[in-house]
Amino acid sequence: MEGRGQMRKDGTQQDAAKSLQAVSYFAGLDAAAQEAVTQAAIRRAYDAGQVILLEGEPCAGLYVVESGWLKVIKIGMDGREQVLQTLGPGDTFNAISVFTDAPNQATVTALETSQVWIVRREVLLRMLEEHPELARQVVKDLAGRVMHLVRMVEDLSLRSVEARLARLILESAEDEMVQRRSWATQAEMAARLGTVPDVVNRALRKLATAGLIRVDRQQIRILDRAQLRVVAQVDF
């Protein structure tokens, strides 16, 4: 059964409007359509480690993260996790299932205490027919998700763990710094990179020994962005 979490009775319409109107899907809708989305939204809270939705279960709707951090995962036959994406405030998930009549395509769990809004699938499908601008935004978003998955396949098949790690650091950094949240363990990083913690630890040490990064308990600082980009094999 899809994880239900705790339904929040104190969630106001203002809270829903603030979270949902910031989502690219809904930003271009007129006031009446935005109000319909807001009225259809349900807020739920989840504790760290709680399953929000399960792969293969029927789709309930589109999810919007209000607060906290989540991970989207696929679980192999051997029980090993592959993290497809981490999600934070303002991110949406389960769009492919909503708009293609498919079951949930992955499992999503909370990395920390989190709150999400759920907009029911039937409401979104009705709005899709009534609002062409929403349809255009959905196509754009789904194309972006396909590109993300294509790049992930490319990384896993063609790049070394060290290159994938360098790219992850570059993409996650703000002001040359990656803040390490309490759940951002080497095991979680390994699941995201498609490897095991020992390999990630060796790759981190190698980048640090080369003077490209400095690894502290709570953060990773980029010391040589240009060379880190060379290792990552990226052009941004």
Side-chain angles (χ1 to χ4, degrees), residues 2-6 8 11 14-27 37-38 41-55 60-74 81-98 104-119 137-138 140-142 144-149 151-152 155 164-165 167-194 200 216-222 236:
E2 190 167 297
R4 291 190 175 276
Q6 177 184 357
R8 291 293 194 186
Q14 284 185 332
D15 291 334
K18 182 178 179 181
S19 294
L20 298 175
Q21 288 173 10
V23 175
S24 60
Y25 288 139
F26 311 129
V37 173
T38 299
I42 301 169
R43 183 197 246 168
R44 286 181 178 154
Y46 297 88
D47 296 325
Q50 190 170 2
V51 174
I52 297 169
L53 58 83
L54 281 170
E55 180 180 358
L62 182 73
Y63 292 70
V64 180
V65 184
E66 180 181 43
S67 62
W69 286 86
L70 322 174
K71 64 178 178 179
V72 184
I73 61 174
K74 299 283 277 188
E81 288 186 3
Q82 171 65 57
V83 176
L84 304 180
Q85 193 176 9
T86 55
L87 304 165
D91 287 335
T92 62
F93 60 99
N94 219 34
I96 291 176
S97 296
V98 170
N104 300 333
Q105 296 298 292
T107 295
V108 180
T109 62
L111 288 165
E112 61 187 37
T113 300
S114 305
Q115 293 191 104
V116 303
W117 290 97
I118 309 170
V119 184
Q137 188 59 48
V138 167
K140 180 179 178 180
D141 177 79
L142 293 181
R145 292 173 190 270
V146 170
M147 292 174 63
H148 169 77
L149 292 175
R151 192 178 71 179
M152 175 175 288
D155 281 350
R164 300 202 297 271
L165 174 61
R167 182 169 190 155
L168 177 62
I169 292 170
L170 287 166
E171 292 179 339
S172 304
E174 294 183 8
D175 297 325
E176 304 297 80
M177 190 93 65
V178 178
Q179 296 295 336
R180 304 180 71 179
R181 296 178 177 272
S182 58
W183 46 262
T185 63
Q186 288 191 11
E188 284 291 342
M189 190 177 293
R192 189 168 180 182
L193 295 174
V200 170
D216 299 321
R217 186 178 182 85
Q218 300 297 331
Q219 63 191 23
I220 298 173
R221 178 180 290 276
I222 296 175
F236 61 82

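This chain uses plain numbering: 1 for the first residue, then up along the sequence.
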Shortest non-hydrogen contact from [X] to [Y]?
{"X": "Y46", "Y": "V116", "value": "CE1-CG2, 3.6 Å"}
{"X": "A41", "Y": "V119", "value": "CB-CG2, 4.3 Å"}
{"X": "A48", "Y": "E112", "value": "CB-CA, 3.7 Å"}
{"X": "T92", "Y": "V64", "value": "CG2-CG2, 4.0 Å"}
{"X": "I222", "Y": "A173", "value": "CD1-CB, 3.7 Å"}
{"X": "I118", "Y": "R44", "value": "CD1-NH1, 3.4 Å"}

Atom pair [atom1]/[atom2] of [X] and [Y] - distance to nearest 0.5 Å:
{"X": "E176", "Y": "L170", "atom1": "CD", "atom2": "CG", "answer": "8.5 Å"}
{"X": "N104", "Y": "I52", "atom1": "CG", "atom2": "CD1", "answer": "11.5 Å"}
{"X": "R181", "Y": "Q219", "atom1": "CZ", "atom2": "CD", "answer": "13.5 Å"}
{"X": "L70", "Y": "Q50", "atom1": "CG", "atom2": "CD", "answer": "11.0 Å"}
{"X": "E188", "Y": "T86", "atom1": "CD", "atom2": "OG1", "answer": "9.5 Å"}
{"X": "L193", "Y": "Q186", "atom1": "CG", "atom2": "CD", "answer": "10.5 Å"}

Inset, instruction - Under the ring-ring contact (aromatic ring centres under 6.0 Å, His included) rule, collect the residues that match up with F93, sequence neighbours excluded. - result: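 Testing F93 for ring-ring contact (aromatic ring centres under 6.0 Å, His included), a comparison that skips the adjacent residues, returns Y63.
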Legend entry - Partner residues of K140 under the salt bridge (Lys or Arg N to Asp or Glu O under 4.0 Å) criterion, sequence neighbours left out: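 Checked K140 against salt bridge (Lys or Arg N to Asp or Glu O under 4.0 Å); zero matches.
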Legend entry - Check: Q105 side chain, E55 main-chain N or O, donor-acceptor pair, under 3.5 Å: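 Not confirmed, Q105 side chain does not pair with E55 backbone.
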Residues that [X] engages under side-chain hydrogen bond (donor to acceptor under 3.5 Å, both in side chains), provided they are two or more places apart:
{"X": "E81", "answer": "K71"}
{"X": "Q218", "answer": "none"}
{"X": "T107", "answer": "none"}

Legend entry - side chain to side chain contact (heavy atoms under 4.5 Å, CB included) involving S172 - partner list, sequence neighbours excluded: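 Side chain to side chain contact (heavy atoms under 4.5 Å, CB included) list for S172, sorted by chain: L168, V178.
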Legend entry - D216/R221 under side chain to side chain contact (heavy atoms under 4.5 Å, CB included): CA gap, chis, key distance, verdict: CA-CA 8 Å; D216 299 321; R221 178 180 290 276; 5.5 Å; no
Legend entry - Charged N-O contact under 4.0 Å between E171 and R192: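 A salt bridge is absent here (no side-chain N lies under 4.0 Å from a carboxylate O).
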Legend entry - Partner of V72 under side chain to side chain contact (heavy atoms under 4.5 Å, CB included), chosen from L84, D91, N94: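 The side chain to side chain contact (heavy atoms under 4.5 Å, CB included) with V72 is passed solely by L84 among L84, D91, N94.
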Inset, instruction - Going by the side chain to side chain contact (heavy atoms under 4.5 Å, CB included) test, name the single residue among S114, S19, P89 that passes it with E66. - result: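 Checked S114, S19, P89 against E66; only one passes side chain to side chain contact (heavy atoms under 4.5 Å, CB included): S19.
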